[in-house]
Student: 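Input: one structure, supplied below.
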Amino acid sequence: MATVESLYKELTAEWTKKPPNTPKCGQLLDQLKVALVKLAFLPTDGNDAQNSKRQLLLARSVLEVAVEHSVLSKDLLAFERYMSQLKCYYYDYAKIIGESDNKYKLLGLNLLYLLSGNRVSDFHTELELLSVDIIQHNQYIRPILALEQYIMEGRYNKIFQANSSMPAEIYNYFMDLLVETVRDEIGACIEMSYEKISAKDAAKRLNLRVPDEIKAFGEKRQWKLEGNGNYSFTDRSIKPKELLPSEELAEQVLSYARDLEMIV
């Protein structure tokens with residue numbers, strides 16, 4: 001236990017630097033994960049948990065750093081893995097070790113992650129674990145719920161405006177991913193709604209202010225740029241005509257009419 005606490009103090013010292021030494025923190029986290037496994041990293045028995053309160057508190061603190069470290073490292077798989085482990089401490093052992101000061105910041109971060117990946121069903125599953133009061137008033141949860149509402153209503157301009165007003169700096173990476181997701185949604189709508197649109201108008205709808213940005217976005221979406229500066233979607237917006245099986249439909253209608261007449 002003394003070795004683990006020593007490693008944790010070293011991790012805290014590196015993590016609190018501005019900016020933190022990300023590679024060094026990663027090395028320390030790897031060592032701590034191995035050490036914590038030997039100390040009942042995720043105890044399953046209630047009596048063991050009572051006797052291991054000190055270990056549980058330490059493990060929770062390490063996982064909280066690991067979650068934020070994975071965001072800085074842009075490692076989404078690690079983020080999901082650490083967040084899944086951390087929720088065990090937030091929900092299952094809350095009565096034993098109390099509530100963490102970072103709980104709602106990281107739960108809000110997880111909600112934003114799910115929203116940025118358009119995982120709406122998972123988003124609502126996580127919301128169901130929170131009380132109504134927390135959802136409506138918590139400084140970390142309420143803004144994320146508002147983002148989901150903007151998406152549902154198609155008020156994408158509100159998403160762009162919220163990009164610079166997140167409740168914590170660690171949210172910025174997932175917020176950037178959400179903005180890209182929203183832009184892709186807008187781009188898909190543009191493709192289906194217009195035969196042609198100027199680069200200037202497209203940039204306005206996508207909230208892109210630099211010419212190189214709309215150019216890069218158009219290339220990513222494989223948009224056809226004409227010589228006059230307009231994007232053409234003629235090949236995308238016009239759907240091929242579908243032949244209606246008129247004879248089959250007529251036969252079905254007559255069959256239904258005969259069946260109805262027999263019933264009457």
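Numbering of residues begins at 1 and proceeds along the displayed sequence.
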Student: So which atom in Ser116 and which in Leu178 form the shortest heavy-atom distance, rounded to 0.1 Å?
Tutor: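 Scanning both residues completely, I find the closest heavy atoms to be CB-N, 3.7 Å.
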Student: Mark yes when over 12 heavy atoms from residues, nucleotides or ligands other than Asp101 sit less than 6.0 Å from its CG; otherwise mark no.
Tutor: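 Open.
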Student: Is any side-chain N of the basic residue among Lys87 and Glu126 closer than 4.0 Å to the acidic one's carboxylate O?
Tutor: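 The answer is yes: the pair qualifies as a salt bridge.
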Student: Can a donor-acceptor pair be found, under 3.5 Å and without considering hydrogens, that links the side chain of Thr181 to the backbone of Gly117?
Tutor: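 The answer is no, because no donor-acceptor pair under 3.5 Å joins these two groups.
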Student: Is it the case that Glu68 and Tyr82 place a side-chain donor and acceptor less than 3.5 Å from each other?
Tutor: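 No, Tyr82 and Glu68 have no side-chain donor paired with an acceptor closer than 3.5 Å.
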Student: Does Lys220, at its NZ atom, have more than 12 non-hydrogen atoms belonging to other residues, nucleotides or ligands within less than 6.0 Å?
Tutor: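 Counting neighbours around NZ of Lys220, more than 12 heavy atoms of other residues, nucleotides or ligands fall under 6.0 Å, so yes.
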Student: Is any side-chain N of the basic residue among Asp30 and Lys33 closer than 4.0 Å to the acidic one's carboxylate O?
Tutor: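 Looking at Lys33 together with Asp30, the answer is yes, because their closest N to O distance falls below 4.0 Å.
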Student: Between Glu80 and Tyr113, do the side chains contain an N or O donor and an N or O acceptor separated by less than 3.5 Å?
Tutor: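 Looking only at side-chain atoms, Tyr113 and Glu80 do form a donor-acceptor pair, the distance falling under 3.5 Å.
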Student: For Leu115 and Ile144, work out which heavy atoms get closest and say how close.
Tutor: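 Shortest heavy-atom contact: CD2-O, 3.9 Å.
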Student: Extract all donor-acceptor atom pairs below 3.5 Å that involve side chains of residues 13-20 and protein atoms in other chains or at least two apart in sequence.
Tutor:
{"from": "Glu14", "atom 1": "OE1", "to": "Lys17", "atom 2": "NZ", "distance (Å)": "3.1"}
{"from": "Glu14", "atom 1": "OE2", "to": "Lys17", "atom 2": "NZ", "distance (Å)": "3.4"}
{"from": "Thr16", "atom 1": "OG1", "to": "Thr12", "atom 2": "O", "distance (Å)": "2.8"}
{"from": "Thr16", "atom 1": "OG1", "to": "Ala13", "atom 2": "O", "distance (Å)": "3.2"}

Student: Which atoms form the tightest heavy-atom contact between Ile197 and Phe233, and what is the distance?
Tutor: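 That closest heavy-atom pairing would be CG2-CE1, 3.4 Å.
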Student: Would you tell me whether Arg205 and Tyr194 have side-chain atoms, one donor and one acceptor, within less than 3.5 Å of each other?
Tutor: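 Yes.
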Student: Between Met175 and Ile159, what is the shortest heavy-atom contact and its length?
Tutor: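 Distance-wise, the nearest heavy atoms are CE-O, 3.4 Å.
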Student: Pair up each side-chain donor or acceptor in residues 166-174 with any protein partner under 3.5 Å, not counting sequence neighbours, and list the distances.
Tutor:
{"from": "Tyr171", "atom 1": "OH", "to": "Lys105", "atom 2": "O", "distance (Å)": "2.6"}
{"from": "Tyr171", "atom 1": "OH", "to": "Leu109", "atom 2": "N", "distance (Å)": "3.3"}
{"from": "Asn172", "atom 1": "ND2", "to": "Glu169", "atom 2": "O", "distance (Å)": "3.2"}

